[in-house]
Structures are given as C-alpha cells and as structure tokens.
Amino acid sequence: MRLFWIIIAVMAAGLVLLIANHENGQVFGIENNAFASVLYLGLWVAVLTVGIVGSGMRFSAVARDLAYWLLILLVLTTGYQYRYELQDVASRLTAGLVPGSPMTVAGSEGHAVMLDKSSNGHFEVRMQVNGTTVRALVDTGASATVLTAADAERVGIAAEDLHFTTPVMTANGRALAASASLDELRIGPIERSNMPVLVAEPGRLEQSLLGMQFLSSLSGFEMRGDRLILRD
C-alpha cells in the first residue's frame with residue numbers, strides 16, 4: 001500500500017505539472033498528449049501491481065494468469081485488425097458450402113460480388129428479395145427478372161393483385177406472366193429499390209430467373225472460368 005500511495009503521489013504531481021504547463025504544450029520536453037498517456041498507463045500499472053501484491057498469490061500463478069489474459073488480448077486484437085480478411089474467409093466458406101451465396105470481392109472500386117458455378121453447370125444466386133432469400137438462376141438470355149409463383153408469394157406479392165397478361169418464353173414453352181414490383185432486391189452489397197419484375201404462372205417456371213433487366217443496371221459483369229463477378 002505504501003508503494004501504491006507513492007505512485008499515486010507521483011502521478012498527482014505529474015497531473016499538476018500537466019495542468020501548469022498546458023499553455024506551453026510540453027512537460028519535461030514531452031508533449032502534453034504523450035505525457036498524459038504516460039500518466040494514464042501509470043495509473044493502470046499501479047492498480048494492477050497493488051491488486052497482484054495484495055492478493056497474496058504465488059508469483060507463478062500470477063504470471064500464468066497474466067499470460068492467459070495477454071493471450072486473450074492478443075487474439076482479440078488480431079481478430080479486430082484482420083476483421084475484413086476474416087469476413088472474406090467466412091464468405092468463401094459460405095459460398096463453398098451453400099451454392100449461390102454471393103461473396104463480396106475485397107479491394108474493388110464500388111461494390112462487387114462473385115458467384116461460383118453450381119454443380120449443374122449454371123450460375124445460381126441467393127438474393128434477398130424484400131428481406132426473403134430467393135434462389136435464382138442467372139440467365140443472360142432472359143430480358144427480365146422472373147419469379148416463380150411460389151417465390152412471389154413468399155416475398156409478399158399478393159396473388160390476387162396479379163394479372164397474367166404478358167407472354168414469355170420459358171423452358172417449358174410459351175407462358176403468361178404478371179407484372180409486379182419489388183421493394184428491394186439485394187445481392188450482397190448490391191441493392192436495387194422498386195425493381196420491376198415478372199411473375200410466372202403457377203407451375204410454368206421451376207426456378208426464378210435473374211435476367212438482363214437487373215444485370216444491365218450494373219456497371220459491368222464478367223465471367224472468369226467457373227466464377228461470375230457482378231460489379232456495381
């Protein structure tokens with residue numbers, strides 16, 4: 001305790017000097033900000049020292065506990081410093097485990113996401129439509145984004161508001177579709193609001209399509225082997 005009060009007295013004197021030399025900007029040739037940081041760290045050192053000495057613990061036990069805390073602090077600091085790289089790793093793992101998951105491309109100007117080719121040889125994407133995940137086929141041959149009747153119902157498009165009057169060509173042949181609008185369509189960080197879409201007649205489309213109506217709104221898209229990159 002005597003050592004503690006001696007340290008506190010020294011720090012109090014340093015605080016007085018810091019206040020007295022506020023206009024000069026320096027204390028003993030040290031800038032005020034740096035000197036204040038030394039005082040702050042000194043306070044924590046004093047508290048830790050008194051806590052360790054006053055606990056009566058053996059030095060080996062104290063050293064072990066300090067090593068544990070330093071290791072935890074090192075792991076947390078490392079995780080924070082490499083948080084963006086860890087997010088990229090997590091996105092890659094998700095893209096590999098869940099087909100169609102968009103992976104954000106780091107270091108790109110604007111927003112960019114990458115899609116891996118599915119096992120069926122096509123590019124699929126898990127997009128967020130009005131807050132609901134919809135799995136769609138990326139189809140550059142489709143002029144519009146087309147939702148299946150089931151997906152349209154899941155994202156909140158009321159069936160009674162649909163009027164199937166627009167002729168479209170699907171893999172099952174000629175069909176009729178209804179015009180609708182999405183409040184939000186999002187693929188990773190790429191987002192569109194009030195997006196017009198078509199809704200296919202029930203039973204006429206097996207999977208929703210992401211067509212050129214959305215793709216042409218991007219700044220560009222390119223295929224690199226088994227990967228498709230969308231840039232906004």
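The figures here come from the full heavy-atom set of this structure, side chains too, leaving out hydrogens, waters and symmetry mates. Values in this document were obtained by computation on a predicted structure and should not be read as measured data.
Contacts of Asp151 classified as salt bridge (charged side-chain N to carboxylate O under 4.0 Å, His left out), with partners at least two apart in sequence or in another chain: Arg154. Shown here are the side-chain contact (heavy atoms from CB on, under 4.5 Å) partners of Glu222, two or more places apart in sequence or in another chain: Arg224, Ile229, Arg231.
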Criterion side chain to side chain contact (heavy atoms under 4.5 Å, CB included) on Ile157 and Leu147, from CA distance to verdict: CA-CA 10 Å; Ile157 298 177; Leu147 299 180; 4.2 Å; yes
Pair Ile190-Leu218, side chain to side chain contact (heavy atoms under 4.5 Å, CB included): steps then yes or no: CA-CA 9 Å; Ile190 301 176; Leu218 303 173; 3.8 Å; yes
Derivation and outcome, side chain to side chain contact (heavy atoms under 4.5 Å, CB included), residues Leu115 and Glu124: CA-CA 7 Å; Leu115 303 172; Glu124 295 180 326; over 6 Å; no
Chi angles and distances behind the side chain to side chain contact (heavy atoms under 4.5 Å, CB included) call for Phe123, Leu230: CA-CA 12 Å; Phe123 287 104; Leu230 309 178; over 6 Å; no
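The nearest pair of heavy atoms linking Leu162 to Ala178 is CB-CB, 3.8 Å. Closest approach of Leu198 and Ala177 over heavy atoms only: CB-CB, 4.1 Å. Summarising the geometry of Phe164 relative to Val199, their closest heavy-atom pair is CE2-O, 3.4 Å, with the distance given to 0.1 Å. What you find for Asp139 and Gly141 is that their closest heavy atoms are OD1-N, 2.9 Å. For Ala136 against Gln207, the heavy-atom pair with the smallest separation is C-NE2, 3.6 Å. In terms of heavy-atom proximity, Leu205 sits nearest to Ala200 at CB-CB, 3.8 Å.
The side chain to side chain donor-acceptor pair (under 3.5 Å) analysis of residues 187-200, with sequence neighbours excluded, yields the pairs Arg192-Ser217, Arg192-Asp232.
Of the residues listed (Ile187, Val146, Leu137), the one engaging Leu210 in a side chain to side chain contact (heavy atoms under 4.5 Å, CB included) is Ile187, and it is the only one.
At least one donor-acceptor pair closer than 3.5 Å links the side chain of Glu201 to the backbone N or O of Leu176. With hydrogens and angles ignored, the 3.5 Å screen pairs a side-chain donor or acceptor of Asn130 with a backbone N or O of Val155.
Side-chain N/O atoms of Thr148 and Glu206 include no donor and acceptor closer than 3.5 Å.
Annotation: the span from Arg135 atom CZ to Arg126 atom CZ amounts to 8.0 Å, rounded to 0.5 Å.
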